[in-house]
Student: 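Structure in structure tokens, see below.
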Amino acid sequence: MRTFLSWLSLLNLIRGYLSINQVQNRLDKEIEMYLQNNIQYWPVFLLQTNDHVGCCGVRPYNMQDKILEFGIHLKPLYLGQGIAQEAAQAVIDYSFKNLEVNSLFAGHNPKNKYSARLLKKLGFKYTHEEFYKPTGLQHPSYLLTKEDYNSS
């Protein structure tokens, strides 16, 4: 339950306040995605303290072309400590080595320069701007191909 409440507080940071019904609907959607595709956003914990610091994972983006959408969300207290890069690299490695994807897609809020820097460090290449309905903004969008992953 503590992890769920921690996840709820993180989700509220990302999308603004959510009602209990909205949270339940989102949780149901995430469970269904896992059951259908065997992928999800996994919780991220600090090994030293077992504190829940965020989540990182993949979800469907373009399944026909074997492209998953990558994302990471950390609580503000844990930013700038290298946690994002470590968790992200683990998910990227898992995706290419175990899920047989061709590419990973990622986007970020245009105001979030830290995400842009992280994606570039991870080997993602900018491809285009894409409208993201929850923010109503065009988000910079990136791709990490299997070829680029294997050559790094």
Side-chain angles (χ1 to χ4, degrees), residues 1-61 67-101 103-127 130 132-146 148-149 152:
M1 182 61 148
R2 191 179 108 205
T3 300
F4 175 73
L5 292 174
S6 191
W7 181 81
L8 172 60
S9 68
L10 180 62
L11 192 57
N12 283 336
L13 284 173
I14 298 165
R15 298 189 180 239
Y17 176 76
L18 299 174
S19 70
I20 296 297
N21 285 341
Q22 289 172 311
V23 171
Q24 185 62 56
N25 289 340
R26 179 60 189 241
L27 185 57
D28 292 344
K29 180 180 171 184
E30 295 294 326
I31 291 169
E32 183 64 26
M33 180 180 61
Y34 174 74
L35 293 174
Q36 287 183 2
N37 301 294
N38 203 29
I39 56 176
Q40 66 182 33
Y41 274 56
W42 294 278
V44 177
F45 295 93
L46 287 182
L47 292 176
Q48 303 87 339
T49 62
N50 205 33
D51 287 343
H52 178 249
V53 301
C55 61
C56 185
V58 290
R59 63 182 177 195
Y61 181 74
I67 302 173
L68 297 178
E69 182 174 354
F70 163 82
I72 183 162
H73 306 285
L74 296 183
K75 295 177 184 176
L77 177 65
Y78 300 100
L79 297 174
Q81 300 178 36
I83 299 166
Q85 187 167 353
E86 183 179 350
Q89 194 62 59
V91 168
I92 290 167
D93 291 345
Y94 178 79
S95 297
F96 283 112
K97 292 177 181 177
N98 300 301
L99 300 177
E100 300 179 15
V101 299
S103 300
L104 292 175
F105 166 86
H108 65 82
N109 188 301
K111 298 173 188 171
N112 190 339
K113 304 302 179 205
Y114 299 107
S115 289
R117 190 170 58 211
L118 174 65
L119 290 171
K120 290 174 186 172
K121 277 185 190 177
L122 294 168
F124 283 81
K125 293 181 180 169
Y126 174 83
T127 56
E130 187 167 307
Y132 186 61
K133 190 175 178 180
T135 63
L137 300 172
Q138 293 287 336
H139 284 209
S141 301
Y142 304 78
L143 207 61
L144 176 60
T145 66
K146 185 187 296 184
D148 287 339
Y149 171 79
S152 62

Student: Using a 3.5 Å distance criterion without hydrogens, assess whether the side chain of Lys75 forms a donor-acceptor pair with backbone atoms of His52.
Tutor: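 Checking the backbone N and O of His52 against the side chain of Lys75, a donor-acceptor pair under 3.5 Å is found.
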
Student: Begin with the C-alpha distance, continue with both residues' side-chain angles, and end with the deciding distance and a verdict on side-chain contact (heavy atoms from CB on, under 4.5 Å) for Tyr78 and Val44.
Tutor: CA-CA 11 Å; Tyr78 300 100; Val44 177; over 6 Å; no

Student: Determine the interplanar angle of the Trp42 and Tyr94 rings, folded into 0 to 90°, and report it as parallel if under 30°, tilted if 30 to 60°, perpendicular if over 60°.
Tutor: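 Trp42 and Tyr94: perpendicular rings.
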
Student: Are the side chain of Thr127 and the backbone N or O of Ser141 linked by a donor-acceptor pair below 3.5 Å?
Tutor: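 Yes, the answer is positive, given that a donor and an acceptor are paired below the 3.5 Å cut-off.
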
Student: Which heavy atom of Asn37 sits nearest to which heavy atom of Pro60, and what is that distance?
Tutor: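 Shortest heavy-atom contact: ND2-CG, 3.5 Å.
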
Student: Let me confirm one number: the CD-OH distance from Glu130 to Tyr142, rounded to the nearest 0.5 Å.
Tutor: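 Taking CD in Glu130 and OH in Tyr142, the distance rounds to 12.5 Å.
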
Student: Between His139 and His108, is there a donor-acceptor pair closer than 3.5 Å when you use the side chain of the first and the backbone of the second?
Tutor: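 Side chain of His139 to backbone of His108: a pair is present.
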
Student: How many angstroms lie between atom CZ of Phe124 and atom OG1 of Thr145, to the nearest 0.5 angstrom?
Tutor: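 Between Phe124 CZ and Thr145 OG1, I get 10.0 Å after rounding to 0.5 Å.
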
Student: What's the separation between atom NZ in Lys146 and atom CD1 in Ile67, rounded to the nearest 0.5 Å?
Tutor: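 One gets 11.5 Å once the value is rounded to the nearest 0.5 Å.
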
Student: Start with the C-alpha gap between Gln85 and Leu122, add the side-chain angles, then the distance that decides, and say whether side-chain contact (heavy atoms from CB on, under 4.5 Å) holds.
Tutor: CA-CA 7 Å; Gln85 187 167 353; Leu122 294 168; 4.1 Å; yes

Student: Measure the spacing between CD1 of Ile39 and CD of Glu30 and express it to the nearest 0.5 Å.
Tutor: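 Going from CD1 on Ile39 over to CD on Glu30, the span is 10.0 Å.
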
Student: Please give me the minimum heavy-atom distance between Glu69 and Tyr41, naming the atom from each residue.
Tutor: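 The pair with the smallest heavy-atom distance is O-OH, 4.4 Å.
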
Student: Can you check whether Lys111's main-chain N or O pairs, donor with acceptor, with Asn109's side chain at less than 3.5 Å?
Tutor: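 Yes, because the side chain of Asn109 sits within donor-acceptor range (under 3.5 Å) of the backbone of Lys111.
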
